[in-house]
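Numbers here simply count residues along the sequence, with the first being 1.
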Amino acid sequence: MASRLSELRRRIRERGEEGKGAEAAAAREMRAIRVSTSPVELWIVLGRESDYVVIPGTYCSCSHFTIRVVGQETEEPCYHLVAVEIARRSGRYHDLSAALDGEKLVDVLLETIFEGRTRTLRRLLYQRRSVREP
């Protein structure tokens with residue numbers, strides 16, 4: 001298992017260095033949102049149809065990761081893991097880890113996992129953008 005995880009992380013770094021495709025677009029559009037830094041660094045990647053929980057270099061809640069990577073069909077990471085890698089390197093992400101208390105973080109995670117979209121996080125992002133715009 002440790003060697004598979006090492007290989008996954010290597011491939012994520014490799015694809016992150018290429019910086020193209022859907023994963024690069026997600027980073028450019030700042031759809032990668034850091035929601036927690038402690039005790040585990042958690043991210044949400046906002047998709048067009050669904051949102052996904054990501055633990056950098058380790059886990060994504062998307063079906064590609066769950067079925068194909070964990071099921072050992074492929075060692076290719078999903079684009080959400082790569083998007084987070086690119087976002088971290090480039091600094092192109094929203095960091096809401098300080099804005100989400102424990103209860104709101106739980107709401108965001110439960111909405112993302114069970115409903116496929118997080119209204120709470122999207123509302124927070126919209127409010128932050130509205131405050132900044134004149």
Distance from R31 atom CZ to H80 atom NE2, nearest 0.5 Å? 8.5 Å
Is there a side-chain contact between D51 and V45 (heavy atoms, below 4.5 Å)? no
To the closest 0.5 Å, what do you measure between CZ (R122) and CD1 (I44)? 10.5 Å
Tell me which pairs pass side-chain hydrogen bond (donor to acceptor under 3.5 Å, both in side chains) where either residue lies in residues 102-113, with sequence neighbours left out. E111-T118, E111-T120
Validation row: D101, L105 side chains within 4.5 angstrom (heavy atoms): no
What is the distance from atom CG of L109 to atom OG of S61, rounded to the nearest 0.5 Å? 9.5 Å
Are side-chain heavy atoms of V108 and L124 found at a separation under 4.5 Å? no
Contacts of type side chain to side chain donor-acceptor pair (under 3.5 Å), residue T66, not counting sequence neighbours: none
Give every residue pair that meets the salt bridge (charged side-chain N to carboxylate O under 4.0 Å, His left out) criterion with at least one member in residues 35-44, sequence neighbours excluded. R34-E41, E41-R88
Using the test side chain to side chain donor-acceptor pair (under 3.5 Å), find all partners of R117 that sit at least two apart in sequence or belong to another chain. none
V82 and I67: same hydrophobic cluster, using ILVMFWY side-chain contacts below 4.5 Å? no
Could I get the full list of side chain to side chain donor-acceptor pair (under 3.5 Å) partners for S97, not counting sequence neighbours? D95
Would you check, one step at a time, whether the test side-chain contact (heavy atoms from CB on, under 4.5 Å) holds for L96 with L125? CA-CA 9 Å; L96 296 182; L125 284 172; 3.9 Å; yes
Taking distance alone, no hydrogens or angles, what donor-acceptor pairs closer than 3.5 Å link side-chain atoms of residues 52-59 to residues at least two apart or in another chain?
residue, atom, partner, partner atom, Å
T58, OG1, R9, NH2, 2.8
T58, OG1, P56, O, 3.3

Show every ring pair (Phe, Tyr, Trp, His ring centres under 6.0 Å) that has at least one partner inside residues 29-49, sequence neighbours left out. W43-Y93
Measure the CZ-CE distance between R92 and M30 for me, rounded to the nearest 0.5 Å. 5.5 Å
S36 and V40 have their tightest heavy-atom pair at OG-O, 3.2 Å
